[in-house]
Amino acid sequence: MKSFAVIRGEDKNKVRIALHDLQQYGSMKFSSCPKRIEPNYADTLLVRVVGVPLRSNCKFAALVGLENNAGSAINKLRKIHPPAHIVIISPRHDAYEELMDNSEIYPEFEINN
């Protein structure tokens, strides 16, 4: 796993579509199945990684491991326009190790519903 993507959205469908867009249009390879994470935790991760206060809180969130390195993922993300906010977390971020340690305990994000 080279990086993580945290997907934050207004509703579950937007998060689901954003996950699809990452694979389909961003050509990103998932190293694990997407996991459901608490929206408050996703908001906290965004603030920790980006270092700016939130404009609005999300209502649904997912986490997925990527085979793409962070720089490649960010460049690909700039070319697509998913309907949810996506934050790429690389090994240089403090949150990366935390996600590595805990990512398997989160429940699977149901993509088909």
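Owing to the predicted nature of the structure, the values given are computational and were not obtained by experimental measurement.
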Taking only residues two or more places apart in sequence, or in another chain, which ones meet [X] in a side chain to side chain contact (heavy atoms under 4.5 Å, CB included)?
X: P83; value: K14, I17, A18, D21
X: K29; value: E67, N68
X: A61; value: I37, A42, C58

Is there a side-chain contact between [X] and [Y] (heavy atoms, below 4.5 Å)?
X: R16; Y: F109; answer: yes
X: F30; Y: L22; answer: yes
X: I88; Y: L66; answer: yes
X: Y41; Y: V6; answer: no
X: L19; Y: V64; answer: yes

Between I80 and G26, the two heavy atoms sitting closest are CG2-N, 4.0 Å
Could you note down all residue pairs passing salt bridge (Lys or Arg N to Asp or Glu O under 4.0 Å) where residues 70-98 supplies at least one of them, sequence neighbours left out? R48-E98
Going by the rule side chain to side chain donor-acceptor pair (under 3.5 Å), which residues pair with S90 if we only count those two or more places apart in sequence or in a different chain? H93
For residues 52-63, pull every pair meeting side chain to side chain donor-acceptor pair (under 3.5 Å), keeping only residues two or more places apart or in separate chains. none
